[in-house]
Amino acid sequence: MVLVSNSSHQNKEIHIRRRISEIYNKREEDFPSLKDYNDYLEEVECMVFDLVDGINVEAIEEKIKKYSQENAEQIMINRARKAEDLTAALAACKAQQPQTDADTSSNNGSTSGTAYSQAPRPTGMGPQPVPIGGGADHQRYSMEDEAMMRLKAERAPRAGGFSLEISKKRALEEAFASIWV
């Protein structure tokens, strides 16, 4: 009996979330700052929770009605933008060639029939990072850099919490521990 009640509560929440998301459908780029967008999302979540729990339902419904009337044009624009995004995503999915049985058999049957086997694999290499501080200026200071490099090489392990003494001690302890086993 509890499961039926829980299921109906979840269905109610899903229905409310869908209805609210059709009206309150702004995106992050519609706001001047991330804080404003987060405030908007928090307000929407509070309304959803209150509607699901039956708190101030009349006031919230009136607020939703007023918002949908005042922002009808923006709501329609956002719905159209969402539809365009879904259409583009669908077109991208259809543009990928579906994998045939012959293709899956070449994988030795390990992933045949799964979504993983249909994902395209990247080919080629992407852009490589550009080194910072290289070039002719870097070669001028090569004498200073050698000393600095040695100093950095000595300090780097200690900065990471590594010391030669601890590693020697651990190696000895492990060696002698294995003798007495």
Student: Taking atom CD as the centre, does Glu174 end up with more than 12 heavy-atom neighbours from other residues, nucleotides or ligands that are less than 6.0 angstrom away?
Tutor: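 Yes - once you tally the heavy atoms of other residues, nucleotides and ligands closer than 6.0 Å, there are more than 12.
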Student: How long is the span from the CG atom in Asp50 to the NZ atom in Lys63, to the nearest 0.5 Å?
Tutor: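 Interatomic distance, Asp50 CG to Lys63 NZ, rounded to 0.5 Å: 9.5 Å.
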Student: With a 3.5 Å cut-off and no angle check, do the side chains of Glu42 and Asn38 form a donor-acceptor pair?
Tutor: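 The answer is no; no qualifying pair exists.
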Student: With a 4.0 Å cut-off on N to O distance, would you call Glu22 and Arg18 a salt bridge?
Tutor: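 No.
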Student: If Ile, Leu, Val, Met, Phe, Trp and Tyr residues are connected whenever their side-chain heavy atoms lie under 4.5 Å apart, and connections chain through other members, are Leu34 and Val44 in the same group?
Tutor: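 Linked, Leu34 and Val44 end up in one cluster.
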Student: Is there a path from Ile77 to Ile23 through hydrophobic residues (I, L, V, M, F, W, Y) whose side chains come within less than 4.5 Å of each other?
Tutor: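 As far as the 4.5 Å side-chain criterion goes, Ile23 and Ile77 are not connected within one cluster.
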Student: From His15 NE2 over to Lys12 NZ, what is the distance, rounded to the nearest 0.5 angstrom?
Tutor: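 It comes to 10.0 Å.
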Student: Check for me, please, whether Ile55 and Val48 land in the same ILVMFWY cluster - side-chain distances under 4.5 Å, paths through other members count.
Tutor: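 Not linked; separate clusters.
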Student: Where do Asn25 and Arg79 land on the side-chain contact (heavy atoms from CB on, under 4.5 Å) test, with the steps shown first?
Tutor: CA-CA 8 Å; Asn25 58 2; Arg79 284 182 184 169; 3.6 Å; yes
Student: Can a side-chain donor-acceptor contact be found between Ser8 and Asn11 if the only test is distance below 3.5 angstrom?
Tutor: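 No, no side-chain donor-acceptor contact under 3.5 Å.
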Student: In Å, rounded to the nearest 0.5 Å, how long is the span from CE of Met47 to CD1 of Ile64?
Tutor: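 Met47 CE to Ile64 CD1: 5.0 Å, rounded to 0.5 Å.
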Student: Between Arg27 and Asp85 (salt bridge meaning N to carboxylate O under 4.0 Å), is one present in this structure?
Tutor: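 Counted as a salt bridge, because a side-chain N and a carboxylate O are separated by less than 4.0 Å.
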Student: If you take all heavy atoms of Arg81 and Asp30, which pair is closest and at what distance?
Tutor: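 Shortest heavy-atom contact: NH2-OD2, 3.1 Å.
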Student: I'd like to know if Leu41 and Ile60 are part of one continuous hydrophobic network [Ile/Leu/Val/Met/Phe/Trp/Tyr, side-chain heavy atoms within less than 4.5 Å].
Tutor: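 As far as the 4.5 Å side-chain criterion goes, Leu41 and Ile60 are connected within one cluster.
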Student: Of all residues at least two apart in sequence or in a different chain, which pass the ring-ring contact (aromatic ring centres under 6.0 Å, His included) check with Phe31?
Tutor: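 Result, ring-ring contact (aromatic ring centres under 6.0 Å, His included) vs Phe31: Tyr37, Tyr40.
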Student: Looking at Glu61 and Lys65, is any side-chain nitrogen of the basic one under 4.0 Å from a carboxylate oxygen of the acidic one?
Tutor: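 Looking at Glu61 together with Lys65, the answer is no, because their closest N to O distance does not fall below 4.0 Å.
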Student: How far apart are the closest heavy atoms of Ser68 and Ile75, and which atoms are they?
Tutor: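 Smallest interatomic distance, heavy atoms only, reads CA-CD1, 3.8 Å.
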Student: Using 0.5 Å steps for rounding, measure from the OG atom of Ser167 to the CG atom of Leu172.
Tutor: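 The CG atom of Leu172 is 9.5 Å from OG of Ser167, to the nearest 0.5 Å.
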Student: Nearest 0.5 Å, please: how far is OH in Tyr24 from CZ in Arg17?
Tutor: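 One finds 14.5 Å between CZ of Arg17 and OH of Tyr24.
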Student: Any heavy-atom pair between the side chains of Glu13 and Leu51 that's under 4.5 Å?
Tutor: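 In short, these two side chains do not touch, never coming nearer than 4.5 Å.
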Student: Consider only side-chain heavy atoms of I, L, V, M, F, W and Y, link residues closer than 4.5 Å, and tell whether Ile14 and Phe49 are in one cluster.
Tutor: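 In one cluster with Ile14: Phe49, no.
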Student: How long is the gap from CG on Asp53 to NE2 on His9, to the nearest 0.5 Å?
Tutor: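 With rounding to 0.5 Å, CG (Asp53) is 6.0 Å from NE2 (His9).
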